A.B. asks: 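After the structure tokens below, expect a handful of questions from me.
Predicted, not measured: the structure shown is a model, and the values here were computed from it.
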Amino acid sequence: MGFSPSSRSCGASALLLCLCMLLCRVLGGTPKLYIVYLGHVKHGHPDDVVASHHDMLATLLGSKEESSASVVYNYKHGFSGFAAMLTSEQAKQLAEFPEVISVEPSKTHMTATTRSWDFLGLNYHTPASTGQLHGTNYGEDACDQKINYGEDVIIGVVDSGIWPESRSFNDEGYGPVPSRWKGKCQVGPDWGINNCSRKIIGARFYTGGFPDELLKTDTLSPRDTNGHGTHCASTAAGSAVEAASFQGLAEGVARGGAPRARIAVYKSAWTAQGYVNTATVLAAIDDAIHDGVDVLSLSLTAPDENSFGALHAIQKGITVVYAGGNNGPRPQTIANTSPWAITVAASKIDRSFPTVITLGNKQQIVGQSFYYRVKNSTTSSFTSLTIASPCTVDVLNGTDLQGQILLCFPMPNDAFSPVSTFAVASQYVLKGGGIGLIFAQYTTDLLEATELFCQGIPCVLVDLDTAKKIGDYSDATSSPMAKIAPATTVTGKEMLAPKVASFSSRGPSAYYPDIIKPDIAAPGANILAAKEDSFVFKSGTSMAAPHVSGVVALLKALHPSWSPAAIKSAIVTSGKRTARQPTIVWRPSNS
């Protein structure tokens with residue numbers, strides 16, 4: 001019995017598919033990016049280190065050509081290792097080599113101001129006797145030693161890049177680039193050699209391990225299209241910018257904690273979502289060790305982070321500062337728990353943005369928002385108020401929102417993640433012709449969402465008790481009305497601060513519970529800093545980490561010989577009384 005040409009073709013295709021599947025099983029499957037760690041550098045020149053990597057890998061793969069095609073990154077300065085495309089079987093075999101310490105898959109992670117430095121006691125224009133850094137200010141310490149705003153300390157920022165045209169990176173008045181600097185200015189389609197300066201003294205970017213489809217949505221240069229890296233860099237070391245604000249809110253002098261420090265950029269996070277992989281972060285750390293940074297600021301979270309990179313940086317005298325993650329208030333969610341790095345939680349500062357909601361009975365309720373009135377717009381007037389409780393898609397689908405303000409109560413499972421429900425509710429209001437949203441949740445720490453999702457309509461966050469008062473008014477009247485005024489800025493002691501932000505990840509570590517983390521909390525809620533040519537609010541431990549990086553730079557300027565351990569100890573063991581009344585925090589049981 002014969003086969004038709006088409007049936008023979010199908011049979012051949014099926015046979016080929018089977019052979020391919022069998023071959024994949026034999027070779028260990030589809031190649032993936034693995035990180036091979038070899039410990040300390042054992043050769044004098046980086047080229048010799050790279051050659052040793054290829055010699056080892058060629059033994060496994062069969063040739064130097066196969067080795068070169070497989071390797072994505074060589075780690076050759078601060079530590080020895082490489083990132084390579086390997087099958088699981090090849091990775092398993094390589095792990096048996098006597099020189100190899102570990103072989104782990106590279107994993108993808110995410111990237112986790114005007115008032116905050118004043119709140120910390122580092123007042124840009126005040127006398128030296130009033131600051132809080134060793135009882136002093138930026139200018140000099142109690143022994144008349146110069147701090148000089150972190151002059152010439154180099155902060156390496158591993159993030160989504162930087163926007164060099166921002167006023168926060170003006171290099172006017174800066175001297176030459178420190179002679180010890182060994183870094184480079186890597187150019188790209190929208191980044192020339194002149195985009196580096198006496199402020200941004202170096203810039204690199206890392207694309208290995210990312211699919212081309214993802215990279216096409218970004219720019220292959222150190223330029224920041226996300227905004228995250230620019231915000232963090234300006235928080236740590238931004239030059240002073242007068243009259244900075246977001247649409248008039250939080251107006252003041254925007255500057256970094258160490259405004260005279262230099263910045264080195266290591267773009268490792270890509271696209272608007274801020275995708276990061278372990279291999280690129282390790283490549284950035286390795287280059288930063290070679291380049292000569294004094295501080296490494298990493299506003300990203302990697303729960304399974306290969307912390308040997310940070311360990312080797314610290315062995316070279318570089319203080320490493322990590323964000324602690326934004327998965328609070330649940331316990332055991334803290335990330336970046338290596339004991340040698342500084343892990344930072346996010347706290348609130350003494351600033352709020354009260355937004356007055358006036359009800360139809362003239363009762364005034366105060367929420368929080370970033371709502372501002374655009375030029376030439378009309379003043380707010382009373383409009384109908386409607387309620388969605390709970391704020392589910394089913395309820396919203398049946399709600400007429402045209403010309404109305406929506407009061408939205410959360411679902412029970414929103415206790416830990418209200419932002420997704422807020423995003424859905426705001427879109428329903430916009431698409432349904434609504435003119436405002438009042439959103440009830442357990443915290444008002446996440447005001448950034450009110451600006452991100454609301455596109456010009458007033459969106460106000462209120463706590464659950466306040467929402468209940470509005471609901472009681474609505475129940476008591478047949479035609480409930482409300483109007484929302486623009487937000488204002490209030491600072492001062494009437495705000496309860498510092499206080500750990502609700503979103504900040506909590507300890508203890510799920511992996512190493514004996515290591516107490518986070519190490520310190522710093523301002524991370526509603527922080528104003530640079531993005532492109534303007535200033536925006538962002539919240540997260542990503543904003544808290546560069547605050548600590550700025551303080552590290554000031555200490556490094558004051559005490560150049562201090563080790564990372566000494567700097568960390570000084571930061572986590574220093575403090576001042578903030579209680580308004582004398583309070584016993586702890587009393588021995590036998591007293």
Side-chain angles (χ1 to χ4, degrees), residues 111 113-114 116-117 124 138 148-178 181 183-188 190-205 219 221-246 252-269 284 288 291-299 527-538 542-543 545-547 549-550 552-554 557:
T111 50
T113 100
T114 50
S116 55
W117 291 111
Y124 192 73
Y138 283 118
N148 291 334
Y149 305 98
E151 182 95 45
D152 286 348
V153 175
I154 302 170
I155 301 178
V157 181
V158 181
D159 212 291
S160 63
I162 199 165
W163 193 266
E165 293 84 5
S166 168
R167 291 176 292 165
S168 291
F169 309 122
N170 184 355
D171 69 350
E172 183 178 350
Y174 281 74
V177 172
W181 175 246
K184 62 187 287 188
C185 187
Q186 190 175 355
V187 300
D190 52 3
W191 184 286
I193 196 72
N194 291 330
N195 286 124
C196 291
S197 64
R198 292 171 297 179
K199 180 67 175 180
I200 304 171
I201 62 173
R204 299 176 184 260
F205 62 95
T219 176
S221 79
R223 184 170 293 276
D224 180 17
T225 60
N226 176 305
H228 190 273
T230 299
H231 199 281
C232 293
S234 64
T235 299
S239 302
V241 178
E242 300 281 348
S245 73
F246 172 75
V253 180
R255 80 275 185 187
R260 296 288 293 181
R262 315 295 181 117
I263 298 171
V265 178
Y266 301 89
K267 182 176 177 178
S268 305
D291 294 346
V293 305
D294 300 300
V295 188
L296 267 173
S297 188
L298 299 100
S299 287
I527 302 301
L528 187 76
K531 179 182 179 182
E532 297 186 358
D533 298 322
S534 59
F535 292 85
V536 299
F537 291 105
K538 287 184 179 291
S542 285
M543 285 62 253
H547 279 86
S549 300
V552 169
L554 295 179

A.B. asks: Closest heavy-atom contact between G175 and R198?
C.D. replies: O-CD, 3.4 Å

A.B. asks: Identify the residue among V158, T230, I200 that makes a side-chain contact (heavy atoms from CB on, under 4.5 Å) with V265.
C.D. replies: I200

A.B. asks: Starting at OH of Y149, measure out to OG of S239 and round the result to the nearest 0.5 Å.
C.D. replies: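 The distance works out to 12.5 Å.
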
A.B. asks: Do side-chain atoms of K199 reach the backbone of A261 as a donor and acceptor pair under 3.5 angstrom?
C.D. replies: yes

A.B. asks: Listing request: all salt bridge (charged side-chain N to carboxylate O under 4.0 Å, His left out) pairs with a residue in residues 154-167, at least two apart in sequence or in separate chains.
C.D. replies: E165-R223

A.B. asks: Starting at OG of S549, measure out to CD1 of I263 and round the result to the nearest 0.5 Å.
C.D. replies: 11.0 Å

A.B. asks: Would you compute the distance between atom OH of Y266 and atom CG of L296 and round it to the nearest 0.5 angstrom?
C.D. replies: 7.0 Å

A.B. asks: Considering all heavy atoms of both residues, which atom of R262 and which atom of V177 are nearest to each other, and what is their separation?
C.D. replies: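 It is NH1-CA, 3.8 Å.
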
A.B. asks: Determine, stepwise, if the pair S245 / F535 fulfils side-chain contact (heavy atoms from CB on, under 4.5 Å).
C.D. replies: CA-CA 6 Å; S245 73; F535 292 85; over 6 Å; no

A.B. asks: When you compare the side chain of W191 with that of C185, does any pair of heavy atoms fall below 4.5 Å?
C.D. replies: yes

A.B. asks: Taking only residues two or more places apart in sequence or in another chain, which ones pass side-chain hydrogen bond (donor to acceptor under 3.5 Å, both in side chains) with S221?
C.D. replies: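 Per chain and number, S221 pairs via side-chain hydrogen bond (donor to acceptor under 3.5 Å, both in side chains) with D190.
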
A.B. asks: Just how far is it from atom CG of N195 to atom CH2 of W163, taken to the nearest 0.5 Å?
C.D. replies: 10.0 Å

A.B. asks: Check V157 against G229 and note the closest heavy-atom contact, atom names and distance.
C.D. replies: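 It is CG1-O, 4.5 Å.
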
A.B. asks: Check for a donor-acceptor pair, side chain of R204 on one end and backbone N or O of G202 on the other, with a separation under 3.5 Å.
C.D. replies: no

A.B. asks: Please examine the side chains of K267 and T219, heavy atoms only from C-beta on, and report whether any two atoms are closer than 4.5 Å.
C.D. replies: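 The answer is yes; the side chains approach within 4.5 Å.
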
A.B. asks: For the backbone of M543 and the side chain of H231, can you confirm whether one donor and one acceptor N or O come within less than 3.5 Å of each other?
C.D. replies: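 No; judged by distance alone, with no hydrogens or angles, the pair does not exist.
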
A.B. asks: Atom OG of S168 and atom CD1 of I162: how far apart are they, to the nearest 0.5 Å?
C.D. replies: 9.0 Å

A.B. asks: Could you pull out all residues at least two apart from N170 that satisfy side-chain hydrogen bond (donor to acceptor under 3.5 Å, both in side chains)?
C.D. replies: none

A.B. asks: By salt bridge (charged side-chain N to carboxylate O under 4.0 Å, His left out), which residues pair with D224, not counting sequence neighbours?
C.D. replies: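 Partners of D224 by the salt bridge (charged side-chain N to carboxylate O under 4.0 Å, His left out) criterion come out as none, since no residue qualifies.
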
A.B. asks: Could you measure the distance from the CD1 atom of I201 to the SG atom of C196? Nearest 0.5 Å is fine.
C.D. replies: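 Reported value, rounded in 0.5 Å steps: 9.0 Å.
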
A.B. asks: Can you list everything that forms a side-chain hydrogen bond (donor to acceptor under 3.5 Å, both in side chains) with N194? Sequence neighbours excluded, please.
C.D. replies: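 If we apply the side-chain hydrogen bond (donor to acceptor under 3.5 Å, both in side chains) test to N194, skipping adjacent residues, there are no hits.
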
A.B. asks: May I ask you to test the P164-S197 pair for a side-chain heavy-atom distance under 4.5 Å?
C.D. replies: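 When only atoms from C-beta onward are counted, S197 and P164 do not touch, as no gap falls below 4.5 Å.
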
A.B. asks: What heavy-atom pair brings V153 and A553 nearest, and what distance separates the two atoms?
C.D. replies: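 For V153 versus A553, the nearest heavy atoms are CG2-O, 3.5 Å.
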
A.B. asks: Which pair of non-hydrogen atoms, one from I155 and one from A237, has the smallest distance, and what is that distance?
C.D. replies: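 Reported closest heavy-atom pair: CD1-CB, 3.9 Å.
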
A.B. asks: side-chain contact (heavy atoms from CB on, under 4.5 Å) with A269: which residues, sequence neighbours excluded?
C.D. replies: T111, S160, V276

A.B. asks: Where do L554 and G150 come nearest, in terms of heavy atoms and distance?
C.D. replies: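 Smallest interatomic distance, heavy atoms only, reads CD2-N, 3.5 Å.
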
A.B. asks: If the threshold is 4.0 Å, N to carboxylate O, is there a salt bridge linking R260 and D152?
C.D. replies: no

